[in-house]
Number of protein chains: 2
Amino acid sequence: MDRRTQILHTAGRLFSQRGYHATSMRDIARALDLQGGSLYTHIESKEEVLWEIVNRAADRFLAHATSIDPDLPPRERLKALVRGHLTVIAQELEHATVFFHEWKFLSPELQERIKARRDAYEAHFREAIESGVQRGEFKVEDPKIAALFVLSALNWTYQWLRPEGPLDLEALTERYTALVLRALGGEA
Amino acid sequence: MDRRTQILHTAGRLFSQRGYHATSMRDIARALDLQGGSLYTHIESKEEVLWEIVNRAADRFLAHATSIDPDLPPRERLKALVRGHLTVIAQELEHATVFFHEWKFLSPELQERIKARRDAYEAHFREAIESGVQRGEFKVEDPKIAALFVLSALNWTYQWLRPEGPLDLEALTERYTALVLRALGGEA
DNA sequence: CCTACCGATCGGTAGG
DNA sequence: CCTACCGATCGGTAGG
């Protein structure tokens, strides 16, 4: 792991624990046994560090979603989306936390880029639900609200999901998909 | 509205927009046409301001939950809980945002007090679900996960719920309760 | 990668 | 409620 990667990793941990503004560059340096100024050989600015963390987390979420065959039956597609989302959060809890919590501290231009990626991600959920409704697999009055409902239930999990916790990822995925599919009227 | 109330209100707005650490006491003072030092006639410290905002938001959530008759049929009880939660978020969006986002910046002692209140609040949901399962109104494998699922779907709404938005609170409550009850197996 | 520093700003206080 | 200030710390840079 080269220095830059170490810096991003350490920053991700500290940002997720204390927040972006409550973490100083000197905090990051100290955790790596460096002096504050030495970080700038490897990074451009504090904001660049935040951007890398947030954007890489967006990569992870999108990589899962785009790898799902859109021709799958909507029920299977949604199951895969739920599983992928929980997997990213469980495997990348610190970066996911920074992604959800700290993206507002990016510059307006970088915020727009993240919003665009987030919208593209959410569209996968909305489309899976809409196609399920069209095919009669799901029954919901308002697919947009249903998508927000499902994404809300998933996003908040970064607040309480602990990979080392009593519930393993498989078991949680199973229970969450069951709740989601039943909410959408897609399962007995 | 006395000065102290004005300060708490302004701080709530700024904390919700920029976050606690990115808001300076001088920012709050400037918004009220005061000098920074003048705030301290009315407040003790920046942390006290955060505490007041967070704890009052907790008051609002708990006031709704405890006003619900626990002998109601579980379905009705849960409907009321969902309605109450969305009502607080819609009516107190800025304070609710600070409640969810900034409580980690309180001292450990104050964090504990908030956690205790949050746990008490969540217990209302868990108990409503558990009693629904016992009475046969709900069918869920794991009431604890079901409660986390419902609370997650509700909590995240502060991220996208806009009181001035196209969807009014009544309509949103209706759709959310329908999704929640169906997820719990409590409605055809 | 370190030492030493820059200007700016922080939360909070004294004294009026 | 203001002026003026305190010590501390911030992100970042120059020069080696």
Side-chain angles (χ1 to χ4, degrees), chain A residues 1-56 95 98 101-111 114, chain B residues 1-56 95 98 101-111 114:
Chain A
M1 196 152 73
D2 70 356
R3 267 286 177 214
R4 184 178 161 87
T5 308
Q6 284 179 16
I7 292 169
L8 295 176
H9 190 263
T10 301
R13 179 167 51 82
L14 295 177
F15 288 173
S16 77
Q17 286 167 359
R18 312 178 193 175
Y20 177 70
H21 278 109
T23 304
S24 72
M25 296 308 282
R26 284 162 178 85
D27 289 335
I28 298 168
R30 195 178 307 117
L32 293 164
D33 277 316
L34 295 177
Q35 294 302 313
S38 305
L39 296 171
Y40 290 87
T41 313
H42 306 97
I43 56 140
E44 270 185 18
S45 66
K46 191 182 183 185
E47 193 190 21
E48 193 228 351
V49 173
L50 177 59
W51 166 253
E52 283 292 319
I53 294 167
V54 168
N55 197 44
R56 287 179 186 200
H95 287 67
V98 177
H101 232 93
E102 315 292 339
W103 67 273
K104 288 209 175 182
F105 300 124
L106 292 167
S107 67
E109 300 78 37
L110 294 178
Q111 279 191 41
I114 285 298
Chain B
M1 195 155 68
D2 71 355
R3 268 286 173 202
R4 184 178 161 87
T5 309
Q6 284 179 17
I7 292 169
L8 295 176
H9 190 262
T10 302
R13 178 166 52 82
L14 294 177
F15 288 173
S16 77
Q17 288 167 357
R18 312 179 192 174
Y20 177 69
H21 278 108
T23 304
S24 72
M25 296 308 281
R26 285 162 178 85
D27 289 335
I28 297 168
R30 195 178 307 118
L32 293 165
D33 277 315
L34 295 177
Q35 295 301 313
S38 304
L39 296 171
Y40 291 85
T41 314
H42 306 96
I43 57 139
E44 269 186 18
S45 65
K46 191 182 183 187
E47 193 190 21
E48 193 228 351
V49 173
L50 177 59
W51 167 254
E52 282 292 319
I53 294 167
V54 168
N55 196 42
R56 287 180 185 198
H95 287 66
V98 177
H101 233 92
E102 315 292 340
W103 67 272
K104 287 208 176 181
F105 301 123
L106 292 167
S107 68
E109 300 77 38
L110 295 177
Q111 279 190 42
I114 285 298

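All values reported here derive from a predicted model rather than from experimental measurement.
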Whole angstrom is fine here: how far is it from [atom1] in [X] over to [atom2] in [N]?
| X | N | atom1 | atom2 | value |
| --- | --- | --- | --- | --- |
| B/L39 | D/dC1 | CG | P | 9 Å |
| A/F105 | D/dG11 | CZ | P | 13 Å |
| A/D27 | D/dG11 | CG | P | 8 Å |
| B/W51 | C/dG11 | CH2 | P | 21 Å |
| A/H21 | C/dC10 | NE2 | P | 11 Å |
| B/Q35 | D/dA4 | CD | C1' | 11 Å |

A/K46 to A/F105, cation-pi by 6.0 Å centre distance and 45° axis angle: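 No, A/K46 and A/F105 do not form such a contact.
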Minimum-distance pair of heavy atoms, taken over all atoms of B/H42 and B/R4: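 Smallest interatomic distance, heavy atoms only, reads O-NH1, 3.1 Å.
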For A/W51 against A/L110, the heavy-atom pair lying closest together: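 Heavy-atom minimum between the residues: CZ3-O, 3.6 Å.
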Candidates D/dG11, C/dC2, C/dC10 - which lies nearest the side chain of A/S24: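 Of all the options, the side chain of A/S24 is nearest to D/dG11.
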Side chain A/T10, main chain A/I7, donor-acceptor under 3.5 Å: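 Pair absent, no side-chain N/O of A/T10 close to backbone of A/I7.
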Main-chain N/O of B/L8 paired with B/E52 side-chain donor or acceptor, under 3.5 Å: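 Judged by distance alone, no pair lies under 3.5 Å.
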Sugar-phosphate only, base, or nothing, as touched by B/L34 at under 4.0 Å among non-hydrogen atoms: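 The answer is sugar-phosphate, as B/L34 gets under 4.0 Å only of primed atoms, P, OP1 or OP2.
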Base-pairing string, 5' to 3', of DNA chain D - Watson-Crick or wobble, under 3.5 Å, | interstrand: ||||||||||||||||
Which atom pairs link the protein and nucleotides 12-16 of chain D when you take only N or O atoms and keep those under 3.5 Å?
residue : atom : partner : partner atom : Å
D/dG12  : OP2  : A/Y40   : OH           : 2.7
D/dG12  : OP2  : A/K46   : N            : 2.8
D/dG12  : O6   : A/R26   : NH2          : 3.2

From CD (A/E102) to NE2 (A/H95), nearest 0.5 Å: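 Result: 12.5 Å between the selected atoms.
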Gap between atom CG of B/L39 and atom CD of B/Q6 - 0.5 Å precision: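 Going from CD on B/Q6 over to CG on B/L39, the span is 11.0 Å.
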Contact under 4.0 Å: A/H42 side-chain N or O vs C/dC1 OP1/OP2: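 Answer is yes, contact under 4.0 Å.
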B/E47 and B/S45: side chain donor to acceptor below 3.5 Å: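 The criterion, which ignores hydrogens and geometry beyond distance, is not satisfied for B/S45 and B/E47.
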Show me the side-chain donor-acceptor pairs of residues 24-33 of chain A shorter than 3.5 Å, one per line, residues at least two apart or across chains.
residue : atom : partner : partner atom : Å
A/S24   : OG   : A/R26   : N            : 3.4
A/S24   : OG   : A/D27   : N            : 3.0
A/S24   : OG   : A/D27   : OD1          : 3.4
A/S24   : OG   : A/D27   : OD2          : 3.3
A/D27   : OD1  : A/R30   : NH1          : 3.2
A/D27   : OD2  : A/R18   : NH1          : 3.2
A/D27   : OD2  : A/S24   : N            : 3.0

